[in-house]
Protein chains: 2
Amino acid sequence: MAYELYYWDGIQGRGEFVRLALEEAGADYIDVSRGPASEGQGMRAMFAVMESKLKAHIPLAPPFLKDGDLVISHVANILMYLGPKLGLAPEDQGHRHVVNGLQLTITDLVAEVHDTHHPIATSKYYEEQKEEAKARAAEFLDNRMPKFLGYFERVLEQNPKGPIHIFGNRLTYVDLSLFQVFEGLRYAFPRATAHLSDEYPHLAALRETVAKRPNIARYLASERRIPFNEDDIFRHYPELDRSAA
Amino acid sequence: MAYELYYWDGIQGRGEFVRLALEEAGADYIDVSRGPASEGQGMRAMFAVMESKLKAHIPLAPPFLKDGDLVISHVANILMYLGPKLGLAPEDQGHRHVVNGLQLTITDLVAEVHDTHHPIATSKYYEEQKEEAKARAAEFLDNRMPKFLGYFERVLEQNPKGPIHIFGNRLTYVDLSLFQVFEGLRYAFPRATAHLSDEYPHLAALRETVAKRPNIARYLASERRIPFNEDDIFRHYPELDRSAA
């Protein structure tokens, strides 16, 4: 039976980290919110799960994955569940938790990227918190982005199996997520990331490795890959980027 | 061999969610940062792990848990790892992911609580972002706290095994974490939470259930339970609370 991915239509968002894993593995999945309402899909199908007054342990927010009767929420949790099934996780159970720890650090980074344009209130428009967003984005670019990217570069550097992959000597879902973060940051902050490949060579090489994988390359060229846009987590607002030199 | 918990000394913080699970289970553990430097413990032992230039997959930030050679980072990940070993997780593997999803929703809530006093920059003092903190705290109390607590109340209400526990009919680590959230919110925002027990009766009952468990009651009365304070995640700044009626 196909996996059912539930996420907002029209953005890559957090759903994209799950899509990349499903696409790399060539897994059979339905992107439910983007499907036709006539077949019981579309956004209403997503809200029907979240707003159910009967179901047990409904998720608070998307993305969530349905695998038969099981409903699993949160990106890192979905990936930890799918990883072994898709051949994108280590064999050892302890190592799976190490990989999950790396993914959760990406979760934190993504939340901070979101807050660069929404530092005060998710319920309000960006335009209503633009000044605060400038301050938060400056902090992100000066301190937080280097902290996170420097960390991942170091984990690659210190990988006993070499810096090709973030864990061991095989592709895991964390590699795919790091590709997505690299792409997203370059989209959102082109000036601040102009020298990213020089600053973080292992991460840049990993980005290339992932982009060249046949299933990923096919996916990125397809209509299934939604372009980055300003309703998304990674948003390109020039006023939040570093000033031109 | 004893579990080794690594976390900042002097605060409950994110480490507390792990401590509550270890204490409930009566597990043998060392709170490394709070131990004597003469025995190789203390904060330096924590930094030695994080700053290692050799070790594989070092964590970016505490808390992390050492179990033999394995180093596991992030609260939800540590709890997912420990849960089955401590008898605080469901038997079924799929259900463990459902429980992990609930815990990750708590992770999100805790991050939002942190940002009520640090909406712009973790690297700066609260006093430098006080005005923005007031705006973010108001948003949190008006919209986000009710959203999260309403969600957990509903999950308790819709638990097919009854509203005593968040999952199934036995205690899991998520119950312990919900206790901590309830306590923390009442400490940080006494005015905004004055009627919390009326608004969220199942959560309030769960709080009582947890507080009365013998190992938890003993722990809370011990010196191992660090009091809430203003270096912590849950901080009581009266100016961020709702105004007196």
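Order of the sequence lines sets the chain letters (A, B, ...), proteins ahead of strands, with each chain counted from 1.
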**Fill in**
One option among Phe64(B), Phe152(B), Phe148(B), Tyr81(B) has the most heavy-atom pairs under 4.5 Å with chain A, and it is Tyr81(B)
**Message:** For a quick test of reading the model, state the closest non-hydrogen atom pair linking Asn77(A) to Gly101(B) and the distance between them.
**Reply:** ND2-N, 3.3 Å
**Message:** Before you tell me yes or no, could you show the steps for His95(B) and His57(A) under side-chain contact (heavy atoms from CB on, under 4.5 Å), namely the whole-Å CA-CA distance, both residues' side-chain angles and the distance that decides it to 0.1 Å?
**Reply:** CA-CA 10 Å; His95(B) 290 169; His57(A) 312 103; over 6 Å; no
**Prompt:** Going by residue number, which parts of residues 153-162 of chain A are within reach of chain B, meaning a heavy-atom gap below 4.5 Å?
**Reply:** Arg154(A), Val155(A), Gln158(A), Asn159(A), Pro160(A)
Output a table of donor-acceptor pairs, distance under 3.5 Å, between side-chain atoms of residues 163-173 of chain B and any protein atom two or more places apart or on a different chain; print 'none' if there are none.
{"from": "His165(B)", "atom 1": "ND1", "to": "Asp175(B)", "atom 2": "OD2", "distance (Å)": "2.9"}
{"from": "Arg170(B)", "atom 1": "NH2", "to": "Gly87(B)", "atom 2": "O", "distance (Å)": "3.1"}
{"from": "Thr172(B)", "atom 1": "OG1", "to": "Val174(B)", "atom 2": "N", "distance (Å)": "3.4"}

**Request:** Measure across Leu60(A) and Tyr151(B) and return the closest heavy-atom pair with its distance rounded to 0.1 Å.
**Result:** N-CE1, 3.4 Å
**Asked** Given the options Ala133(B), Ala121(B), Ser73(B), Ala61(B), which has more heavy-atom pairs under 4.5 Å with chain A than any of the others?
**Response** Ala121(B)
**Asked** Highest number of heavy-atom pairs under 4.5 Å with chain A: which of Val98(B), Val71(B), Leu104(B)?
**Response** Leu104(B)
**Asked** Non-hydrogen atoms of chain A under 4.5 Å away: do they reach the side chain of Ile72(B), the backbone, both or neither?
**Response** side chain
**Item:** Toward chain A: residues of residues 106-113 of chain B with heavy atoms under 4.5 Å
**Value:** Asp108(B)
**Item:** Proximal component of Asp115(B), with respect to chain A [non-hydrogen, under 4.5 Å]
**Value:** side chain
**Prompt:** Among residues 134-144 of chain B, which ones touch chain A with a heavy-atom distance under 4.5 Å?
**Reply:** Ala135(B), Arg136(B), Glu139(B), Asn143(B)
**Asked** Looking at Ile120(B), Asp67(B), Thr122(B), Leu54(B), which has the largest count of heavy-atom pairs under 4.5 Å with chain A?
**Response** Ile120(B)
**Prompt:** Hey, mind stepping through Leu70(A) and His97(B) against side-chain contact (heavy atoms from CB on, under 4.5 Å) and telling me if it holds?
**Reply:** CA-CA 9 Å; Leu70(A) 202 58; His97(B) 283 280; 5.7 Å; no
